[in-house]
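Let me begin by presenting the structure, written as structure tokens, before commenting on it.
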Amino acid sequence: PLSGKGGHAPGAPAVCNSGGTMGILRSSRISFTGWAFLFSGICRKKEDFEMINVTLKGGAVKEFEPGVSPADVAKSIGMGLYKSACAARVDGEAVDLRTPLEKDCELEILTFDSPEGKHAFWHTGAHIMAQAIQHLFPDAQFGIGPALDDGWYYDIGGTEPFTPDQFEAIEAEMKKIVKEKLPLERFAGHTRAFMKIEDGCNRRCAYCVIPRARGSVRSRAEESILGELAALAKGGYAEVVFSGINLSSYGRDTGTDLAEIVEKAAQVPGIRRIRLGSLEPDLMTEEMIARMARVPALCPQFHLSLQSGCDATLRRMRRIYDTAGYRAVVEKLRAAFPGASFTTDIIVGFPGETEEDYLLTRQAVEQVQFDNAFIFRYSPRRGTPAAAMENQIPEEVKEARNQDLLAVVNEIAVRKNRELIGTVQEVLLEGPSKTNAARLSGRTSQNKPVMVDAEPGLTGQILPIRIEESTGFTLYGVPCPSKE
């Protein structure tokens with residue numbers, strides 16, 4: 001599980017970077033795909049669309065195509081600025097250099113030669129940092145927790161922060177990703193690809209700035225998705241992870257839905273697994289669940305955003321479900337996908353949350369038995385209704401609830417992994433372990449990390465693996481002739 005500070009946006013990737021703190025958990029649910037899909041495969045003339053005006057610091061106004069990134073703007077101004085750029089501020093809000101600019105805005109390019117720029121680089125580039133860490137330490141079960149004055153990023157699997165040498169290597173890799181535009185959707189060897197198929201959100205959760213920052217729901221064209229899937233399959237990718245700001249809303253603007261694109265994606269030769277990012281529980285209808293259950297390639301792993309187990313808190317958050325409805329969706333998914341794993345997002349310390357309210361959330365976690373959870377201390381976001389609410393919770397209370405809930409989630413996760421010892425799991429082997437060359441690392445269809453005693457030549461295959469050991473959050477196993 002992950003501990004961090006800030007309200008997690010519904011449908012957002014498994015990354016929290018608000019309130020000056022960022023959290024990441026390494027998992028396939030993490031959605032780090034770039035934004036190029038907005039214009040990929042489309043050739044248009046300038047007169048075919050309206051340009052946007054970008055007002056730079058100092059007052060100069062430049063005209064660009066919609067979707068241009070701050071990195072592109074910096075490069076257009078001059079290579080000196082581009083080489084030193086590390087983040088940006090759009091209409092006063094810090095963003096990473098890949099964020100698409102969709103409308104007229106004020107833009108300030110931040111550079112490494114200022115403390116503010118370096119701070120923004122680390123705290124807005126969560127998806128970039130996660131890819132950098134996976135490139136450098138592919139077998140690490142890492143998490144990045146609360147920012148501290150004397151050492152920000154901690155390995156959740158232990159008690160020590162990353163070393164200065166590791167930070168230096170991670171930062172260098174992040175710069176490389178940002179400046180050389182390495183494809184964010186392709187990592188974890190040549191087995192698993194991340195594809196963003198939806199952007200924006202039509203909801204108005206009280207703590208969230210996403211609708212203002214990203215606009216309404218926009219779905220990637222079906223032909224574009226299927227075309228890229230075919231190319232990925234030819235390139236050796238066996239699994240694709242679909243992600244989006246509000247992934248469950250995919251197709252609502254185009255007359256289709258998430259189940260339909262899953263069905264069609266499963267027909268692409270070579271794509272053997274399809275995994276979904278964060279889902280909104282109230283949008284998981286019985287029809288959608290039934291249709292998805294008929295797709296053998298769909299992984300039985302579901303990240304359903306809970307946020308709170310207290311109905312009164314959910315109403316203040318402006319969430320469109322209650323705890324009974326949430327549990328009902330979980331049960332329907334469990335019935336349709338036997339053995340499915342469930343993860344979630346939870347905010348503790350939301351304004352007005354009493355101790356009794358928090359205990360209801362704790363109870364909900366125990367009832368659902370999540371395989372893992374992202375837990376965040378609420379942090380006000382400027383301009384959101386929650387920031388102006390009365391009864392803001394003291395930081396020490398938020399922290400106490402955070403740590404208490406983490407302990408509950410940890411205990412459940414460790415126990416559930418131990419229960420897998422002796423079972424046979426289908427594991428996609430992703431590549432050699434960096435810590436033990438005699439092993440391959442892989443993931444079950446429920447997204448459980450597994451270290452396997454197997455030959456490197458088996459990379460890319462999905463094999464039955466008998467689980468022989470669990471160290472808590474990582475499983476260890478050996479190939480077996482057939483699944484039992």
Side-chain angles (χ1 to χ4, degrees), residues 13-14 26-33 134 138 183-198 220 222 225-244 247-248 250 258-279 288-289 291-304 333 336-343 371-372 420 423-431 440-452 454 458-465 467 475 477 479 482-483:
R26 180 174 186 249
S27 93
S28 67
R29 75 174 279 274
I30 309 178
S31 310
F32 309 122
T33 308
Q134 286 199 313
L184 285 172
E185 69 275 17
R186 305 181 185 189
F187 54 97
H190 282 275
T191 58
R192 185 159 41 102
F194 293 80
M195 183 183 296
K196 188 167 187 177
I197 66 171
E198 183 275 338
R220 182 176 177 179
E222 180 182 290
I225 295 171
L226 298 178
E228 184 172 348
L229 283 175
L232 289 170
K234 289 181 181 179
Y237 292 87
E239 178 179 322
V240 63
V241 184
F242 284 156
S243 69
L247 181 62
S248 305
Y250 175 82
L258 184 60
E260 184 169 341
I261 194 61
V262 167
E263 292 165 342
K264 292 184 177 180
Q267 298 174 24
V268 176
I271 298 298
R272 301 179 62 188
R273 279 185 176 179
I274 301 167
R275 197 180 299 278
L276 300 177
S278 185
L279 301 168
M288 180 179 290
I289 292 171
R291 288 170 62 189
M292 288 183 173
R294 293 193 289 268
V295 180
L298 183 64
C299 291
Q301 179 234 334
F302 301 98
H303 185 88
L304 289 176
L333 285 166
F337 297 87
S341 65
F342 291 85
T343 55
D371 292 74
N372 222 322
L420 294 176
T423 67
V424 176
Q425 302 291 323
E426 296 289 336
V427 176
L428 172 59
L429 300 175
E430 297 181 333
L440 294 180
S441 63
R443 288 185 177 270
T444 70
S445 59
Q446 292 83 6
N447 202 34
K448 305 279 188 178
V450 185
M451 297 296 119
V452 181
L458 295 175
T459 296
Q461 296 191 36
I462 298 176
L463 297 178
I465 303 296
I467 306 302
L475 304 172
S482 62
K483 186 170 182 178

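Annotation for G460 and A238: closest pair O-CB, 4.3 Å, computed over non-hydrogen atoms. Closest heavy-atom contact between S341 and D371: CA-OD1, 3.3 Å. The minimum heavy-atom distance between L279 and L247, with the atom names listed, is CD2-CD2, 4.0 Å. Across G477 and V450, no two heavy atoms sit closer than the pair N-CG1, 4.2 Å. Heavy atoms only, all atoms of each residue included: V295 and A266 are closest at CG1-CB, 3.5 Å.
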Should R220 and E228 be marked as a salt bridge (charged side-chain N to carboxylate O under 4.0 Å, His left out) after you check the CA-CA gap, both sets of side-chain angles, and the distance that decides it? CA-CA 11 Å; R220 182 176 177 179; E228 184 172 348; 2.5 Å; yes
May I have the step-by-step check of side-chain contact (heavy atoms from CB on, under 4.5 Å) for L258 and L276, ending in yes or no?
CA-CA 10 Å; L258 184 60; L276 300 177; 4.3 Å; yes
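The CZ atom of R294 lies 11.5 Å from the CE atom of M292; values are rounded to the nearest 0.5 Å. Taking CG of L463 as the reference point, atom CG of L428 lies at 9.0 Å (rounded to 0.5 Å). Once rounded to the nearest 0.5 Å, the distance linking CG of L333 with CE of M288 reads 11.0 Å. Between L475 atom CG and I467 atom CD1 the span is 5.0 Å, to the nearest 0.5 Å.
Aromatic pair F302/F337: ring centres closer than 6.0 Å.
The closest side-chain heavy-atom distance from L226 to K264 is below 4.5 Å. Using a 4.5 Å heavy-atom cutoff, the side chains of F242 and I225 are in contact. The shortest side-chain heavy-atom distance between R272 and I462 falls under the 4.5 Å cut-off. Counting heavy atoms from C-beta on, the side chains of P300 and Q446 come closer than 4.5 Å. The shortest distance between side-chain heavy atoms of L440 and L458 falls below 4.5 Å. Contact annotation: the side chain of R273 approaches that of E426 to within less than 4.5 Å [non-hydrogen atoms, C-beta and beyond]. Residues M195 and L232 are in side-chain contact: their nearest non-hydrogen atoms beyond the backbone lie under 4.5 Å apart. Side-chain contact between R192 and R443: present, with at least one pair of heavy atoms (C-beta onward) separated by less than 4.5 Å.
Checked by atom type and distance alone, the side chain of Y237 never pairs as donor or acceptor with a backbone atom of F194 at under 3.5 Å. Checked by atom type and distance alone, the side chain of N447 never pairs as donor or acceptor with a backbone atom of Q301 at under 3.5 Å. In this structure, the side chain of R275 engages the main chain of S445 through a donor-acceptor pair within 3.5 Å.
With sequence neighbours left out, P479 forms a side-chain contact (heavy atoms from CB on, under 4.5 Å) with V452, A454, I465. Partners of R291 under the side-chain hydrogen bond (donor to acceptor under 3.5 Å, both in side chains) rule, at least two apart in sequence or in another chain, are D257, E263.
Of the N and O atoms on the side chains of Q461 and T459, not one donor lies less than 3.5 Å from an acceptor on the other residue.
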